[in-house]
Amino acid sequence: ILFFFKQKTAYEILSGLVGSEMCIRERDQRGVHGDLIHKMISLITHGGKGAMRYLSFNPMAFFSKLIPVKLGDLGEGTKEATIKQWFVQPGGQVKEFDDLCEVITDKLVAKIPSSFAGKITTLHYKADDICQVGQPLLEMEVDDNCKVKEEIKKEEQAPPQAAPQTQAPVETPPEIKKVVEKFATPAPVQETKKVEIPQVVISKREDRLVKISGIRKAMGKSMTEAWTIPHYNTKETFDISGMKKVRKMFAEMYPKGKLTYLPILVKAFSAALLQFPIFNSIVTPAKDDEGLVSEYIQKAEHNISLAIDTPSGLLVPNLKSVQNKSVLQINKEIRLMVERGRDGKLTQEDLSDGTFTLSNIGNIGCITGTPVIFRPQVAIAALGIIRTVPKYVDNKILPVEVIVATMSTDHRIIDGAITTKFLQCARKYIENIESLLLTMKQRCLLYTSDAADEGLGVDLGGRR
């Protein structure tokens, strides 16, 4: 209190309240104003938080420099975020720019840095809790620096908060009552209102209430929006014998490398997109007078989105400009992208601007499925598990390895006949892998320069 008012007579007032009323009677001679006495008496009489309403500033800003660290604007119209994990705990010390926590929204995963150096006092949320943008994430006791002073000044200038609706009665000492009766009006004591708290009934079978948040909430939002799209579905079976030859050639050329089927499939679908660019489109929000979709954009770049199953849920990052990349480049980028997804290090750039989606459901053992379009895209294909089936070839029944590709398209933009032709075009490139070379600018499926980037042992034997 002495620090608040910074007046020599403040000490005498406190002494007078305990020992005598001399200093109060002589207040005018000592230059102590009535409102100052009123504030001090109210503070002592009602104490603690109840007295804070008589002060037009926050005293904690002077004593402990306790400030809130709020969740800032994350962009993209984001209004809330889920706390994925905390990097700090109450009582811990942090430096400026140290990471405080990691948050997840429906568009990105981000780390929140500290703007101050100091000591963490309180965490307002637990992992998996949802925090609104602009709300305090934590409280921290900060060091004395210019930034802190600016924060305190802003806090002092903020309008005082309204007093709580309920206030428990406080017993006032007799010697204080005399001074209050003469020089101050005590704060009214309000009656405590009864608040009915609903009882949570737990069944004997121990049912569990699960909150939908984070990436799962974002996925739910995306799927709800996607279900407003009229889907057209069709499927086609691909013989992957040609891709097996490519993998075998790769193993001979790069003994230390590992090539999966997925990058070859990605390249084949990109080649089909060159023949049918309407599938590489996104729908704009524009509507006509009837409220229907009125336009879409055919994208020049093939940014192929891949659905990845991560510990946090399903994410759909994308590979940029696939039409300009070799199979080896795509293979490397897929591996790095999956690693970032599992480590929770995907960025907003990874998740933005996708134009066409491939979902590798075969990776989890599915033969076929019905994929849901990832808005605002207009097409998606699900690739099933590799199976060995009998095939009739040249009057013989031979075992061949196949996959089933199931495709969903936006029937507002693409009709069924075009969808079927597109899948047949993709099958042509997959089953006749040599034709894929004709779609590439460099006329090469596997670049030797890519092998150097991968650090692979290369033995071309004079081949290019």
Side-chain angles (χ1 to χ4, degrees), residues 76 104-109 210 212-238 262 265-266 269-270 272-273 276 278-285 287 292-293 296-299 302-319 322 334 337-338 341 346 350-385 403-423 426:
E76 299 289 336
I104 303 174
T105 72
D106 58 347
K107 299 182 182 295
L108 57 84
V109 178
V210 180
I212 300 176
S213 61
I215 292 178
R216 188 164 299 278
K217 180 178 179 181
M219 182 177 66
K221 178 182 177 182
S222 177
M223 292 299 100
T224 301
E225 294 173 347
W227 206 241
T228 63
I229 301 173
H231 283 53
Y232 174 81
N233 305 109
T234 188
K235 62 183 178 181
E236 186 66 78
T237 301
F238 299 156
L262 183 57
L265 291 167
V266 169
F269 272 91
S270 176
L273 290 176
F276 297 87
I278 190 174
F279 289 85
N280 196 57
S281 302
I282 61 171
V283 178
T284 71
K287 307 286 185 183
L292 302 177
V293 171
Y296 62 92
I297 302 173
Q298 288 190 5
K299 304 294 287 186
H302 295 177
N303 297 339
I304 307 297
S305 301
L306 298 176
I308 297 177
D309 186 20
T310 71
S312 302
L314 183 68
L315 293 176
V316 192
N318 61 82
L319 305 169
V322 170
I334 290 176
M337 189 169 65
V338 171
L346 290 173
D350 293 324
L351 300 169
S352 300
D353 301 326
T355 59
F356 180 87
T357 299
L358 289 176
S359 179
N360 186 19
I361 59 175
N363 192 43
I364 55 176
C366 290
I367 297 175
T368 185
T370 305
V372 180
I373 297 171
F374 186 47
R375 293 183 71 222
Q377 298 174 19
V378 299
I380 180 173
L383 307 173
I385 191 173
I403 61 172
V404 176
T406 308
M407 192 153 188
S408 297
T409 55
D410 188 338
H411 217 342
R412 300 171 300 179
I413 310 298
I414 306 171
D415 60 36
I418 299 297
T419 302
T420 301
K421 292 178 181 178
F422 174 80
L423 268 182

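Position 1 is the first residue of the sequence, and the numbers go up from there. Excluded from the calculations below are hydrogen atoms, water molecules and symmetry mates; all remaining heavy atoms, backbone and side chain alike, are included. Keep in mind that what you see is a predicted model, and the values were worked out from it rather than measured.
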Are any non-hydrogen side-chain atoms of [X] and [Y] less than 4.5 angstrom apart?
X      : Y      : value
Ile278 : Gln298 : yes
Leu346 : Met337 : yes
Phe279 : Ile418 : yes
Ile304 : Phe269 : no

**OP:** Using the test salt bridge (charged side-chain N to carboxylate O under 4.0 Å, His left out), find all partners of Lys221 that sit at least two apart in sequence or belong to another chain.
**Re:** Asp106
Subject >> For Lys217, salt bridge (charged side-chain N to carboxylate O under 4.0 Å, His left out) partners two or more places apart >> reply: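 Result, salt bridge (charged side-chain N to carboxylate O under 4.0 Å, His left out) vs Lys217: Glu80.
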**OP:** Show your working on side chain to side chain contact (heavy atoms under 4.5 Å, CB included) between Leu306 and Asn360 and close with a plain yes or no.
**Re:** CA-CA 8 Å; Leu306 298 176; Asn360 186 19; over 6 Å; no
To the nearest 0.5 Å, tell me how far [X] [atom1] sits from [Y] [atom2].
X      : Y      : atom1 : atom2 : value
Glu236 : Ile403 : CD    : CD1   : 11.0 Å
Asn318 : Phe356 : CG    : CZ    : 13.0 Å
Thr234 : Leu423 : OG1   : CG    : 6.0 Å
Ile282 : Ile413 : CD1   : CD1   : 11.5 Å
Ser281 : Asp410 : OG    : CG    : 10.0 Å

Original post:
Is the count of non-hydrogen atoms from other residues, nucleotides or ligands lying under 6.0 Å from Lys287 atom NZ greater than 12?
Top reply: yes
Any residue meeting side-chain hydrogen bond (donor to acceptor under 3.5 Å, both in side chains) with [X], in chain and number order, not counting sequence neighbours:
X      : result
Thr420 : none
Thr419 : Thr409
Asp353 : none

Subject >> Pairwise salt bridge (Lys or Arg N to Asp or Glu O under 4.0 Å) hits with a residue in residues 354-379, at least two apart >> reply: Glu225-Arg375
So which atom in [X] and which in [Y] form the shortest heavy-atom distance, rounded to 0.1 Å?
X      : Y      : value
Tyr296 : Val283 : CB-CA, 4.1 Å
Ala405 : Leu383 : CB-CD2, 3.9 Å
Ile373 : Val378 : CD1-O, 3.9 Å

Contacts of [X] that satisfy side-chain contact (heavy atoms from CB on, under 4.5 Å) - sequence neighbours left out:
X      : result
His411 : Pro230, Tyr232, Asp415
Ile361 : Ser359, Cys366, Ala382
Thr357 : Ser305, Val316, Phe374, Gln377, Ile380
Leu292 : Asp288, Glu290

Subject >> Any donor-acceptor pair under 3.5 Å from Ser270 side chain to Val266 backbone >> reply: no
Original post:
With no hydrogens and no angle check, is any side-chain donor or acceptor of Ser408 less than 3.5 Å from a backbone partner on Val372?
Top reply: no
**OP:** Sequence neighbours left out, what passes ring-ring contact (aromatic ring centres under 6.0 Å, His included) with Phe238? Give chain and number order.
**Re:**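 Expected list: none.
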Original post:
What residue pairs, at least two apart or across chains, pass side-chain hydrogen bond (donor to acceptor under 3.5 Å, both in side chains) with a residue in residues 361-373?
Top reply: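 Every pair satisfying side-chain hydrogen bond (donor to acceptor under 3.5 Å, both in side chains) with a residue in residues 361-373: Thr368-Thr406.
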Original post:
Using 30° and 60° as the class limits, which term best fits the ring planes of His231 and Trp227: parallel, tilted or perpendicular?
Top reply: tilted
Original post:
Would you say the side-chain atoms of Asn303 and Thr355 include a donor-acceptor pair closer than 3.5 Å?
Top reply: no
